[in-house]
Amino acid sequence: MTRDKESRSMPYTNSGQAGTGGVGHLTALASEAWGFLNHSTDLWLAGLATPDLVRSRATHRLNSLVAHARRNSKFYRDLYRGLPPAHVTLEHLPVVTKSTLMANFDDWVARPDLKLDAVLQFTQDPTRIGRPYLGQYAVWTSSGTTGTPGVFIQDPQALAVYEALFAVRNGTDARSMLRSISGGSRFAYAAAVEGHFSGITMWRRMLLMNPWMAHHTRAISVLQPVVSVSDQLADFDPQILTSYASELVALAEQQREGRLALKLNGIWSGGETLSRRDRADIAGAFGCPVIDDYGASEFLNIAFDCGCGSLHLNRDWVILEPVDREGRPVPDGIASASVLLTNLANFIQPIIRYDLGDSITMLPEPCSCGSPLPAIRVEGRRDDTICLERTDGQLERVIPLALCTAIEERAGVFRFQVLEEAANQLVLRIDPSEGNPNEVAARTEQCIRGYCAELGAQNVFVRTDPAPPQVDPVNGKLRRVWALREPAAAGPV
Ligand SMILES: [Zn+2]
């Protein structure tokens, strides 16, 4: 996401040493070890199955999920009133959106004592990132591509499925990276780490479950200038690195220019679309394999990189329905306008035919790896990196995820758009739903100027355009950070 700081997934590992620290609150985490092993076996077997068998597993899980939602979620019970009592086909179920679900949060969740106010109190405390909520759930927040803040709760079964998917569904390079992390290789995670986002939440959970990993892992905030991120990486000297595609592009530039000399064995890219060119550039600069993935706060591991150049949909645990602008199904081989997601693993907060907003293409040709899981392509899930001229004359790349996180976390504004119209000249557009236009604009402008100053650019001019955020006329998508000037104008960084 941001498009997608939260919705990127990240590699995490369950070494089977859960709870070795003997700390009381780890009991719930340790109890997932059985679920993890159970699901790992199931996933391994599904990888050998036929596409029809995979589909029938998904249908069986969907029927259980819908029945559970009708029984335990008032929101879905009301929404599905009038539908036949059993085994409704997916396409007859109404589509839901994040804004509707969040507006009905207390009725949406499948446990009456889960209340949004209490969950928000939990997510406002940064010391509790990655800690179990009510002794068993993981909680994370997301703004996503729509700009609507979301709060997502994951039950132990969903967490065990996500962890098993990471452990089992991957290519040779990814498997060898996971083995090396479990074996003690230094592992760095450069991301938005200051909030309860899914990536840092799973990272902290991994350390709670495997306290022995703390001394060879490091999480680094990408809200800092690229040079500071580089310095911390150089100091830590990781062998495995995971970050967003745009941050990896900026770090690859540092490596190529000789300002960074990391000796990496592997890189995980997530959260944004990784173009073929960027992948080649990053791999070339660091001289190691680059693994892609596709995930969201709504389902962490939607698709995995098989190592043969494809992302494969985890079709047995997540359903994707590509749709056009009118919500009609889109055939294989055609890029969708959006996609409806159904999470078959998480029953505490059912997500069924949820409008995710991403554009995807189901590829009609099977992949050379022979997987029964369909190959997909994710289109343009990435905003623009802007380039500031710092007060000391140097240029500073600002990745979109960092700028969006600064605005969301510090100004409390979620529905906005920042346009770079010239060097150090930014235009802000804010959705009227954010409140008093003058007050919100002043607060957000000040936040952007302050953040740019932290990055070393004191002389950034920000003005607010009274128009609301505009979609890209080419693809109909909202870009939250949009570089209007030619990328070449930014010059070498
Ligand atoms: Zn493949």
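Owing to the predicted nature of the structure, the values given are computational and were not obtained by experimental measurement. Here, residue 1 is the first one in the sequence, and each next residue gets the next number. Ligands are counted one by one from 1 in listed order, and the atoms in each one are counted from 1 as well.
Distances from the Zn ion (ligand 1) show that Cys308 has no N/O/S atom below 2.8 Å.
The closest side-chain donor-acceptor pair between Ser221 and Glu194 falls under 3.5 angstrom.
How far CG of Leu233 is from CZ of Arg186: 12.0 Å, rounded to the nearest 0.5 Å.
Around the Zn ion (ligand 1), the two atoms SG of Cys369 and SG of Cys367 are separated by an angle of 110°, to 10 degrees. With the Zn ion (ligand 1) as the vertex, SG (Cys306) and NE2 (His312) define an angle of 110°, rounded to 10°.
Between Leu313 and Leu373 the shortest side-chain heavy-atom distance does not fall below 4.5 Å.
A salt bridge does not link Asp155 to Arg111: none of the charged side-chain nitrogens sits closer than 4.0 Å to a carboxylate oxygen.
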